[in-house]
Every structure is written in C-alpha cells, then in structure tokens.
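In what follows, a single structure is set out as structure tokens and then discussed.
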Amino acid sequence: MSQSNLITMDEFTIRETRKFPQATGDLSALLRDIGLAGKIINNQVRRAGLVDILGKHGATNVQGEEQMKLDIFANDTLIKILKNSTECAGIASEENDEHLSYEDTFSLNSKYVVLFDPLDGSSNIDVNAPIGTIFAIYRRVSELGKSCTEADFLQPGNRLMAAGYVIFGSSTMLVYATRLGVNGFTLEPSIGEFCLSHPNMKCPENGKIYSLNQGNSIKFSDGMQSYLNYCMESNKEEGRPFSHRYIGSMVADMHRTLLKGGIFMYPADKSNVNGKLRLQYECNPMAFILEAAGGKAVSGSQNILDITPTELHQRVPIFIGSKKMVDKVMEYVKEHEPVS
Ligand code: P6P
C-alpha cells in the first residue's frame, strides 16, 4: 500500500466522529492520546535488551506479582500521557492499588476515565514473546468539575464507551472497539502513525483453536475436564478438528482468537475459585471487543459485560471467542455442574 493511501488512526476517528453531528470529538482525542502512549511504550519494548529496561523492577504490585522494569515504564507513561490529555479525569491500573484522580482544571472537567493493564503478559518480556497494553474507556458517573470516585471505575462492561489493546508483536498494532465496530491499526514506523490495516474486524462464528493453560487442568472442574476430553477425542477422528495454542499473554492469545476464531479460556479451578484474570482491565475490555466483533464472552454463570463489579481488582473466570465454541464449552460446564 503506497503511503498516499494510508489512513491514520486520527483521520479514521475524525471521519467516524463526523457521522454523528452531535459528537464532540473528545473520544477521538482520548484514543489519540492512548495511541501516543502506545508508541512511546513501543519504543522501549523494541529496544528491550539494548537498554536497561529488561528484568525485574524489584517490587511487587497489588496482585502480589513481581513488577518488571517495563511494567513500571508502561504504567508511568500511561499515567503521564493521560494526565496531560484534556479528555481524561482519572485512571485505574493493574499496577496501582487505588484509582488516581487528576486534579487539574482540564482533567476535573473531563468526561472520561480510563482503566488499563499497562503491559499484560510481562512474564514474556525477557523471552521476546508478544505482550500488550489493554485499555477500557468509560464515561464518568461522578460530577464534572469534581474528583473521580471509585464508582467511575466500578461500572459494568456493558457501560463501556470504547476498549482496545496495543499488541507489541511481529508488528505493533492498536485495535479498538466502539459500539460501531472493531478496527485495527498497524504502526508505520517511517511516519510514526498507526494506520488502518484491519477495517471492520469480525470474529469467525466458529473456530479450531482452543487456548488455555493445560498445566492447570488437574485442578479444573469435571465440566472443564469433559470439554478438554471432547477436544482431544475429536482429534482421533479423520482430520484433526482442534489445535491447542497458548502463548501465556492474553493480548496475543486474544488477537489470534479475534482474527482466526477459536476460544480463549481462563476458568476457575480448585485453587483459583475466580480464575486469574481481572474483570475491569483484562476481561471487560476484551469482552467488549469480541462482542463488538460478533464473538461472545462469559464467566460461566453470566455474560462478562453484565457483571456488576464490586472491587477494582476482582478476578473472574472467562470463556471468550467464537460464539459457537463458547456455547459448546458451556454445554459441558452446565451439563456437569449447574452454574449458580
Ligand atoms: P498463566 C499474564 O500474566 C496474564 O495476566 C495473561 O496475559 C495471561 O493470559 C495469563 O496471565 C497467563 O497466566 O497462569 O497461564 O501463566
């Protein structure tokens, strides 16, 4: 594609805004700011190994997970960029115990809040496997002109205005969803812009790839065990219908699922009764994206987007991807244990 045909993310979001005369362009500006943070983080990720940015930071986060230097860099970058944005009233991050309200006049009068996992999959950093930033954008429920409240960050996923991720993989892409659909933008390094490369992304209704950490299977419920047996038994038939793929980086596993179809699962198990992944800045944004692309996302007992959050860092089980595959695994889960 010649550079004259490139549509940058800014041009695209402005065009989308023009479809709605009453739209103010604030969301487009916020997405631009998140894109800027993504480019800055990308710069460090691409040079990891050459600069003193690899390895452990020497502290743990609220989850009790060891923080990597790049985790901290990504978190600090997002906090700074969104503080300088004129569209963000405050943030909540996987790396921060509490939400953060920006107190300058612009921010106090901004109508959006952003939740993010600044660098998901960071255990993959040192082995050069794909990692990513996940973000979720809500309209604040607290009063304009005043500080954000916790309620701004405990909204259900069905109240999301937009959600997306930046994947630092073989190329760097920003994928975001609004209620209008899902679009993907690839970073063109020569001009430093995210350019439209995957318009109107749709998740295939069915797929052949199941993605989960099989190492946990001994702790899975009978329903999950029976589903895995179904996948492996099916492979004895003519023409293997299933492949197992698991990168251990949610953004990478979800990007593949969105593009190729399949199902990603992080179920509850005997030692993690709520699974591992966090509702507000991992499961809800991914569920919003996949449902906007025609996929499905459930916790087992309900749609992810309908869960009313009670804690900022709460975890939920997740089954997400091609609608028919999610329905199939739920048949097994519900057959063996009527979910609450
Ligand atoms: P496990 C990365 O730490 C992460 O939060 C997700 O990106 C990933 O899907 C999951 O945890 C991997 O967890 O237990 O399989 O290592």
Side-chain angles (χ1 to χ4, degrees), residues 38 41 45 48 54-57 59-75 78 92-96 115-136 163-169 173 175 209-221 224 228 244-260 262-287 289-290 295 297-299 304 311-321 326 329:
I41 296 166
V45 169
L54 283 177
K56 296 181 173 63
H57 168 64
T60 57
N61 61 15
V62 64
Q63 328 291 342
E65 293 172 341
E66 282 210 290
Q67 291 176 309
M68 309 295 278
K69 290 177 184 172
L70 259 180
D71 279 329
I72 300 303
F73 176 82
N75 197 48
L78 280 156
S93 167
E94 183 204 30
E95 300 297 336
N96 293 43
L115 295 92
F116 51 78
D117 181 351
L119 207 59
D120 177 75
S122 49
S123 57
N124 284 302
I125 292 171
D126 291 359
V127 297
N128 211 8
I131 52 182
T133 297
I134 308 171
F135 61 89
Y165 56 83
V166 183
I167 179 168
F168 307 102
M173 276 191 71
V175 173
I209 298 171
Y210 66 99
S211 181
L212 81 168
N213 184 339
Q214 298 248 94
N216 296 330
S217 57
I218 191 72
K219 299 184 287 183
F220 287 162
S221 67
M224 271 306 300
L228 291 180
H244 176 242
R245 294 281 184 279
Y246 189 68
I247 300 169
S249 179
M250 187 185 196
V251 172
D253 283 315
M254 285 308 311
H255 189 62
R256 182 200 57 245
T257 303
L258 173 59
L259 285 170
K260 294 184 177 291
I263 184 168
F264 173 83
M265 299 171 278
Y266 211 106
D269 63 40
K270 294 183 174 70
S271 45
N272 300 292
V273 293
N274 292 313
K276 173 184 181 183
L277 301 180
R278 294 81 169 181
L279 173 62
Q280 285 308 82
Y281 38 79
E282 290 175 326
C283 297
N284 260 335
M286 288 300 182
I289 295 164
L290 265 286
V298 299
S299 66
I304 293 281
E311 292 166 33
L312 184 58
H313 299 291
Q314 76 185 72
R315 301 171 194 264
V316 288
I318 186 167
F319 304 83
I320 180 171
V326 173
V329 70

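Atoms within each ligand, like the ligands themselves, are counted from 1 in listed order.
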- Query: Sequence neighbours excluded, which residues qualify as side chain to side chain contact (heavy atoms under 4.5 Å, CB included) partners of Glu311?
  - Reply: Gln314

- Asp253 heavy atom under 4.0 Å from ligand 1: no

- Message: So Val251 and Met286, do their side chains get closer than 4.5 Å, heavy atoms only?
- Response: yes

- Item | Polar proximity ligand 1 side, Ser249 side, N/O cut 3.5 Å exclusive | no

- Task: State the CG-CG distance between Leu277 and Asn272, to the nearest 0.5 angstrom.
- Result: 10.0 Å

- For ligand 1, which atoms have a heavy atom of Glu282 less than 4.0 angstrom away? 5 (O)

- Message: If you measure every N or O of Met250 against every N or O of ligand 1, does any of those distances drop under 3.5 Å?
- Response: yes

- Task: Please state whether Leu277 comes within less than 4.0 angstrom of ligand 1, counting heavy atoms only.
- Result: yes

- Answer yes or no: is there a donor N or O on one side and an acceptor on the other, between the side chain of His244 and the main chain of Asn213, under 3.5 Å? no

- Message: Side chains of Tyr266 and Asn216: any donor to acceptor distance under 3.5 Å?
- Response: yes

- Nearest heavy-atom pair of Thr257 and Phe264: which atoms, and what distance? OG1-CB, 4.3 Å

- So the atoms of ligand 1 within less than 4.0 Å of a heavy atom of Arg278 turn out to be 5 (O)

- Message: Are any of the N/O atoms on Asn213, whether in the backbone or the side chain, positioned under 3.5 angstrom from an N/O atom of ligand 1?
- Response: yes

- Message: Regarding ligand 1, does Tyr246 bring an N or O atom to under 3.5 Å of one of the ligand's N or O atoms?
- Response: yes

- Task: Considering the heavy atoms of Phe264, write down every atom of ligand 1 situated less than 4.0 Å from one of them.
- Result: 9 (O)

- Task: Mind checking side chain to side chain donor-acceptor pair (under 3.5 Å) for Lys260 and listing every partner two or more places apart, or none if nothing turns up?
- Result: none

- Task: Just jot down the ligand 1 atoms closer than 4.0 angstrom to any heavy atom of Lys276, in number order.
- Result: 1 (P), 3 (O), 10 (C), 11 (O), 12 (C), 13 (O), 14 (O), 16 (O)

